[in-house]
Amino acid sequence: MFKFVSNRACGYLSPEIRNISTKSSLIDTNKYLGDLLKLGRIDEAREVFDEMPKRDKFTYNTMLTGYANSGKLVEARRLFDDTPTKSAITWSSLISGYCKMGWEIESFYLFYEMQYEGYKPSQFTLGSILRLCSIKGLFSRGEQMHCYSVKTSFDMDVFVITSLIDLYAKCLRLVEAEYLFRGMSKGKNHVTWTAMLNGYSLNGDAIGAIECFRGMRAEGIEANQYTFPGVLAACAADSDLGFGAQVHSCIVHGGFGANVFVQSALVDMYTKCGDLCSARKVVDSMEFNDAISWNAMTVGYVRQGFPEKALSLFTKMHEKNMELDEFTYPSVLNSIALMKDMKNGKCLHSLIIKSGFESYTLVSNALIDMYAKINNLDCAYKIFNFTAEKDVISWTSLITGYAHNGCHLEALKVFCKMRLDGTDPDRFVAASILSSCAELALLNIGQQVHANSLKTALDTSLSVNNSLVSLYANCGCLEHAKKVFNSMEIRNVISWTALIVGYAQNGKGIKSLQFYEKMVASGINPDYITFIGLLFACSHGGFIERGRYYFSSMVKDHGIKPGPDHYACMIDLLSRSGKMQEAEDLLNKMPVEPDATIWKALLAACRVHKNIDLAKKAAKALFELEPQDAAPYVLLSNIYSSIGKWDEAASVRRLMKSKGVGKEPGRSWIEMNGKVHAFMSEDRSHLNAEEIYLKVDEMIMKIKEVGYVPDMNFALHDINEENKERGLAYHGEKLAVAFGLLNVSIGAPIRIYKNIRVCGDCHNAMKFISRVYDRYIILRDSNCFHHFKEGMCSCGDYW
DNA sequence: CTAGGGTTAG
């Protein structure tokens with residue numbers, strides 16, 4: 001499809017040079033010497049130089065430049081010292097050699113020594129020094145050189161200005177670069193244009209770079225192999241496939257299609273614009289198997305969701321005996337992580353060890369990530385420990401690895417270690433750890449991370465802010481969540497979904513739906529998870545018609561196929577509002593097999609509506625789907641006991657015991673001054689247990705006076721009434737609220753967290769407590785939030 | 001005057 005014209009340099013020898021060996025003048029020999037050096041035949045040049053009977057200053061300068069350009073600086077220095085009559089050019093040649101090798105101290109020393117000795121640096125010397133500053137990021141040094149060039153009137157020289165433009169652009173001071181560029185009325189050459197173009201590209205100004213390319217062509221300046229990679233990178237950043245393809249055609253016309261830099265930039269542009277086919281055509285057309293292009297292609301396959309193709313490309317690279325580098329492995333490891341291919345993962349790991357790339361932080365980071373993603377945290381941790389030079393990404397990979405496997409506490413511990421280790425969080429790890437804090441509902445710690453990210457300017461990051469919204473929403477602080485959301489300059493579907501889910505969980509279903517409408521109005525499309533939030537809002541608010549509407553709109557208007565989560569919400573919505581038959585019908589006509597979440601929703605509704613037949617069916621399905629989960633046993637047993645069938649309840653409990661299923665014990669906790677105070681039912685392990693129990697007794701007495709009646713349905717042991725009532729009084733959430741009344745200052749909300757659903761009697765008691773003690777109580781259980789205020793709950797008793 | 005990579009959020 002594409003035609004490439006080779007533009008690679010080919011050797012030449014002019015006729016005058018070929019017959020030089022016999023007899024020649026000094027001028028001819030000097031020229032011959034120069035040509036040999038230009039072709040990189042430095043050893044032959046040295047022989048010629050050594051055998052020359054007579055040498056002049058051109059001979060010395062030519063040889064010195066040759067040494068300097070090929071990086072032979074020791075030889076260059078020796079020759080410099082041996083040069084009988086030095087000129088400014090002698091100095092300049094050596095300095096340019098040092099600059100090219102990045103030897104800062106030597107370069108600057110020579111630059112000053114030269115002036116001390118009375119030689120005036122030329123614009124070329126200045127250019128070399130400026131180039132050094134730009135490579136090394138020595139911005140203030142570069143600025144000094146800028147001043148020097150003004151003083152010496154070299155600031156009108158194209159070479160110097162071009163170097164300055166490059167310097168300012170590399171130091172991310174695009175304004176200065178632009179100023180200099182605009183100030184050049186004429187005389188801009190292709191290097192100047194290219195420097196400016198690459199400056200835009202580097203500074204993330206894709207439009208600027210593309211405009212620059214257009215301007216350059218408008219002035220009739222030809223682009224070259226240095227220009228194309230920059231403009232292609234801009235097309236990639238802007239996802240401008242159309243313009244990228246036009247540039248490709250310019251490249252072919254200009255005869256630059258066989259340059260590896262240009263080719264790899266083309267591959268990169270096509271993959272980033274999503275045109276994998278064209279990218280692959282470029283790769284396949286290449287004469288030279290360039291690892292960089294193949295690497296870019298591999299990344300493209302992984303990013304667009306074709307991990308198998310990435311892996312097969314890697315196999316091909318391996319078969320071709322291509323020289324792999326540390327950039328090759330991460331994307332391959334990534335594709336293995338996507339496929340959860342443990343076997344190939346192990347193979348690749350041993351290959352990495354064999355080829356010695358394990359010591360590259362880049363590679364070991366990708367290994368940590370891969371093992372974490374295929375749920376092998378032990379291996380991930382081992383590699384992390386063996387990583388000699390850990391960077392913030394090593395820590396992030398491990399931390400998110402723990403988080404994604406549900407080990408949020410472990411993630412938090414590693415995060416603390418990271419801080420002690422002296423590594424500063426970046427936006428990635430901040431977003432990740434904030435979401436772990438949200439998951440654990442650790443408001444205090446989350447706020448510390450928030451404060452820290454304000455200090456380090458991470459609060460401009462979209463993902464950090466998204467995490468903050470869900471942190472505050474997950475801790476019941478909707479005002480804070482809203483505040484963060486309002487402060488955001490850019491919002492995406494994740495930001496809106498976090499808010500929608502947050503408001504829904506906190507019992508503000510109507511607001512939640514309003515946010516959805518606002519989101520759609522602002523032109524952002526909902527996705528799979530947005531609809532889970534919406535349907536959750538409907539089921540918790542009891543908005544049956546709304547729920548039905550969104551469920552059908554999801555498919556009709558947005559082309560999203562409902563998944564198990566959506567069906568679970570719908571079945572929850574129908575069954576909770578008592579439409580058990582309709583729920584069962586939906587269950588039967590679902591295109592996918594119902595999963596555990598769906599059965600659990602149904603079972604929970606059976607608990608409320610005391611539908612024993614359906615409950616038995618749901619529980620049976622759950623026993624098979626998740627044999628180790630205690631929840632269905634407990635729910636079924638609770639349903640039996642709530643209708644007084646104690647024998648059946650007990651037999652379910654026995655069944656559970658015989659299968660060796662352990663119930664997750666109910667736990668309620670309050671976080672205070674960075675410490676967590678946890679309470680189980682009838683728990684006396686707290687240091688101030690006595691005081692807390694006294695407070696509970698007082699609490700129960702006071703609320704009974706205003707109408708609280710203990711609901712024995714939630715006392716689930718078949719024991720006598722008086723003991724039942726006492727057991728009920730000392731449920732974990734009641735102990736926690738007593739602790740809160742004693743320790744949380746007046747006016748501040750009492751925040752209680754519970755790992756399982758709140759008990760119905762406790763829910764009722766909380767309403768009375770909030771009124772009698774005039775306190776704001778926020779209780780988050782495993783299902784949603786309950787904001788108790790003045791005797792009412794935000795869930796409207798519908799949960 | 002020029003290229004490729006790994007980590008994030010609901």
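No hydrogens, no waters, no symmetry mates; every other heavy atom, side chains included, goes into these values. We name chains A, B, ... by the order of the sequence lines, and we start the count at 1 in each one.
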Exercise. In whole angstrom, give the distance that lies between atom CZ of A/F384 and atom C1' of B/dT7.
Key: 13 Å

Quiz item: Counting side-chain heavy atoms from C-beta on, which of B/dG10, B/dG6, B/dT2 comes nearest to A/F261?
Solution: B/dT2

Exercise. Please work out if A/N334 contacts a base, only the sugar-phosphate, or nothing of the nucleic acid, heavy-atom cut-off 4.0 Å.
Key: sugar-phosphate

Quiz item: A/P330 side chain: which of B/dG6, B/dT8, B/dT2 is closest?
Solution: B/dG6

Exercise. With heavy atoms under 4.0 Å as the rule, sort A/T400 into base, sugar-phosphate or nothing.
Key: sugar-phosphate

Quiz item: Touch check for A/R303, heavy atoms < 4.0 angstrom, all strands: base, sugar-phosphate only, or nothing?
Solution: sugar-phosphate

Exercise. Start with the C-alpha distance between A/D424 and A/R419, add both sets of side-chain angles, then the distance that settles salt bridge (Lys or Arg N to Asp or Glu O under 4.0 Å), and finish with yes or no.
Key: CA-CA 7 Å; A/D424 286 324; A/R419 303 289 284 129; 3.7 Å; yes

Quiz item: B/dA9, B/dG6, B/dG10: which one has an atom nearest the side-chain heavy atoms of A/T497?
Solution: B/dG10

Practice problem: With rounding to the nearest 0.5 Å, note down the distance linking CG in A/L443 to NE2 in A/H450. | Solution: 11.5 Å

Quiz prompt | Between P of B/dG6 and NZ of A/K390, the distance in whole Å | solution = 22 Å

Quiz item: NA contact type, A/V493, heavy-atom cut-off 4.0 Å: base, sugar-phosphate, or nothing?
Solution: base

Practice problem: Ignoring the backbone of A/Y226, work out which of B/dG6, B/dA9, B/dT2 is nearest its side chain. | Solution: B/dT2

Exercise. Return the nearest nucleotide to the side chain of A/D527; candidates are B/dT8, B/dG6, B/dG10.
Key: B/dG10

Quiz item: Are A/H566 and A/Y528 an aromatic pair by the rule of ring centers under 6.0 Å?
Solution: yes

Quiz item: So which nucleotide from B/dA9, B/dG10, B/dT7 ends up closest to the side chain of A/A498?
Solution: B/dG10

Exercise. Look at the side chain of A/S463 against the base of B/dT8 and say whether a donor-acceptor pair falls under 3.5 Å; ignore hydrogens and angles.
Key: yes

Exercise. State whether the distance check finds a donor on one side and an acceptor on the other, under 3.5 Å, for side chain A/D391 versus base B/dG6.
Key: yes

Practice problem: Return the nearest nucleotide to the side chain of A/F428; candidates are B/dG6, B/dT7, B/dA9. | Solution: B/dT7

Exercise. Please determine if A/R173 forms a cation-pi arrangement with A/F139, meaning its NZ or CZ atom is less than 6.0 Å from the six-membered ring centre and no more than 45° off the ring axis.
Key: no

Quiz item: With a distance cut-off below 6.0 Å to the six-membered ring centre and an angular limit of 45° from the axis, does A/K482 pair with A/F485 as a cation-pi contact?
Solution: no

Quiz item: Within the structure shown, what part of the strands sits under 4.0 Å from A/D369 by heavy-atom distance: base, sugar-phosphate, or nothing?
Solution: sugar-phosphate

Quiz item: Base, sugar-phosphate, or nothing: which does A/T530 touch, judged by heavy atoms less than 4.0 Å apart?
Solution: base

Exercise. Using only heavy-atom distances, decide whether a donor-acceptor pair under 3.5 angstrom links the side-chain of A/S264 to the base of B/dA3.
Key: yes

